[in-house]
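Worksheet: the structure to be examined is printed underneath.
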Amino acid sequence: MKLRTAIALAVFALTSQTAAAQQSDTINDSSLTPWNDPSDPTVFRLNKDDPTFPGGWNKRNDKPKLKREPGPIDLQRYYGGTMHNAFPTFFAMPVAFSTEDLKAGQIEVAIVGSTADMNAVPGTRWAPNYLRGFVNSSATYFTARGDGMQERNESGFPMELYTFGSIHELRIADYGNIAMHQSSGERTVEEIRKVVSEILDADAIPITVGGSHDGMYGLFLAAADKFGRHGYCIAHFDSHYDGVSAAYGYYVHNGNGIYEVVNMDLVKGEDVVQVGMTSIGVIRDDFKVLVDKGMRYHYQAEIERDGWDTVTRRVLDDVKDCENLLVTVDIDIIASAHIPGTGGREVDGPTPAQMLQMVRALAIQNNVVLFDVAEYNPMLDSRDGQSALVVTKLMTHFMTGLAARKRGITDPFYLHPQMVDDGR
Ligand SMILES: [Mn+2]
């Protein structure tokens, strides 16, 4: 072969590899959303004469994009002060509406509210907006030293000092809420896939917060569209194993996301680890299907026998070679005395402090590409917002871990020396 031909072939091979990396085969694979198959008689017929069909519920408002340069928008009237004076965005952060806004602001973390609401006890749809108000009242001060993102993030933020890798060091935006379709979990999941993809396309880390756990299939689709089939793994924390094959005939259900993602072959079974289950699983056939495909798991019974610290190390070991890690936390994993505001309460399970350590450790050890805190139901929360406080802390501790990793810290259990020095 002539040298020139060889070079041309090599360049072609490189270019096609790049093209393949940019376009995941999941994007146009209709078998991943089988509920849309028009040739299938079990597909529900919708009323096409309805003037709000098909997109009234999730039609985008283009006004925020008019007459401005792309970038995060700072909504705060005041230079700083108490959070009670702040416009209620997550942590008083600027808002963004598009991939372009996130890119222009070099945003690293975009917090987006999920309003999915398919738990047997409804109410998770109110989670994100309730949390915005709560976050602002629980964190006393904010400071906007100027108009820029960096200034906003540098001070007045509710730090978690454990690592001294403070979340001031991250560029954060509030990406608004993801609409839920009131009659269709499938449509809601499609919208979750779309909005979360906008964040991933900006190479930012989405923190999805609030909604019921059926939303996780939308996260899994978005992650596959970005990182490719088998391109990521999942750490799933939950009192329930969410791997049931029985979902009353529906593809989208808040107890079957793990079963779906493995059986749709988006993620390999061996790339899934489940932690904290207290209930059904081991005796079921669908559990055996997942385990046969390599899924790893740590029941609450194992935690009771061996202790939280030991099991935490096992979990970190399970995912240590994972290139892109998606972490999803159903807050019902935490013992219900600490977290009344969720629809699937279990009395046993870790304390908030133990879960905070876990999410911080994962954020330090792994390249976490998406962090999900699901199943917060403010309608069930105590009046003082006990559960909202735990959800807020899960977010801040995760971001503290990210900040520590950004500083080059690699020990997942790193604690700042001054924080563990007893003063002698
Ligand atoms: Mn769950």
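In listed order, ligands and their atoms are each counted from 1. Every value quoted in this text rests on a predicted model; they were computed, and no experiment measured them.
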* Backbone or side chain, does H213 get an N/O/S atom under 2.8 Å to the Mn ion (ligand 1)? -> yes
* Under 4.0 Å between a Lys/Arg side-chain N and an Asp/Glu carboxylate O for D317 and K320? -> yes
* Asked: Any ion pair linking K406 and E108 (charged N to carboxylate O, less than 4.0 Å)?
  -> yes
* To do: Look at E302 together with R305 and state whether they make a salt bridge at an N to O cut-off of under 4.0 Å.
  => no
* Asked: By atom name, which N, O or S atom belonging to D330 lies closest to the Mn ion (ligand 1)?
  -> OD2
* Are D306 and R313 within salt-bridge range, i.e. N to O under 4.0 Å? -> no
* Is D332 close enough to the Mn ion (ligand 1) to have an N, O or S atom under 2.8 Å? -> no
* Just by modelled atom types, is the E375 backbone N or O under 3.5 Å from a matching donor or acceptor in the T342 side chain? -> yes
* Which of the N/O/S atoms in D242 sits closest to the Mn ion (ligand 1)? -> OD2
* Asked: Of the backbone and side-chain N, O or S atoms of D238, does one lie nearer to the Mn ion (ligand 1) than 2.8 Å?
  -> yes
